[in-house]
Amino acid sequence: FPINATITNGGKTLEIRNFLGEKRVRTINMLEGVKVEKSTGTKDEIIITGTDIDFTSRSAALVRQSCLVKDKDIRKFLDGVYVSSHGTLED
């Protein structure tokens with residue numbers, strides 16, 4: 001089942017659809033000063049950026065917690081949202 005992530009409200013809201021084939025839409029509101037955007041280089045990647053590292057990491061945790069797999073063997077069901085890297089951006 002392909003997971004669909006839609007960014008709405010100018011990067012303030014992330015909607016995750018079709019997670020494990022469910023019809024429920026998971027809506028995650030980013031905290032103050034945090035924006036979410038799709039990556040231009042990688043197909044299935046979203047980037048969460050913000051000025052406050054605490055709010056940014058808490059927003060990433062909200063996205064991860066909304067897609068936890070329950071009542072299934074996590075060794076077999078690898079669908080989900082994972083953090084691939086974190087750190088500060090250099091301009």
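This chain uses plain numbering: 1 for the first residue, then up along the sequence.
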S.K.: If you define the side chain from C-beta out and look only at heavy atoms, does anything of I7 sit under 4.5 Å from L14?
M.R.: yes
S.K.: Less than 4.5 Å apart, any side-chain heavy atom of M30 and any of I28?
M.R.: yes
S.K.: Identify, with sequence neighbours excluded, every residue that meets salt bridge (Lys or Arg N to Asp or Glu O under 4.0 Å) alongside R17.
M.R.: E15
S.K.: Are more than 12 heavy atoms from other residues, nucleotides or ligands located less than 6.0 Å from atom NZ of K12?
M.R.: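 Enclosed: over 12 neighbouring heavy atoms sit under 6.0 Å from NZ of K12.
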S.K.: Atom OG1 in T56, atom NZ in K35: separation rounded to 0.5 Å?
M.R.: 12.5 Å
S.K.: According to salt bridge (Lys or Arg N to Asp or Glu O under 4.0 Å), who are the partners of E22, at least two apart in sequence or on a separate chain?
M.R.: R26
S.K.: Between atom CD1 of I46 and atom CD1 of I16, what is the distance when rounded to the nearest 0.5 Å?
M.R.: 6.0 Å
S.K.: Measuring from T13:OG1 to N29:CG, what's the distance to the nearest 0.5 Å?
M.R.: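 One gets 4.5 Å once the value is rounded to the nearest 0.5 Å.
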S.K.: So for atom CD1, which belongs to I47, do other residues, nucleotides or ligands contribute more than 12 heavy atoms lying within a distance under 6.0 Å?
M.R.: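 Count over threshold, so yes.
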S.K.: Quick one: closest heavy-atom pair of I3 and F19, and the distance?
M.R.: CD1-CD1, 3.6 Å
S.K.: Atom CG of D54 and atom OG of S59: how far apart are they, to the nearest 0.5 Å?
M.R.: 9.5 Å
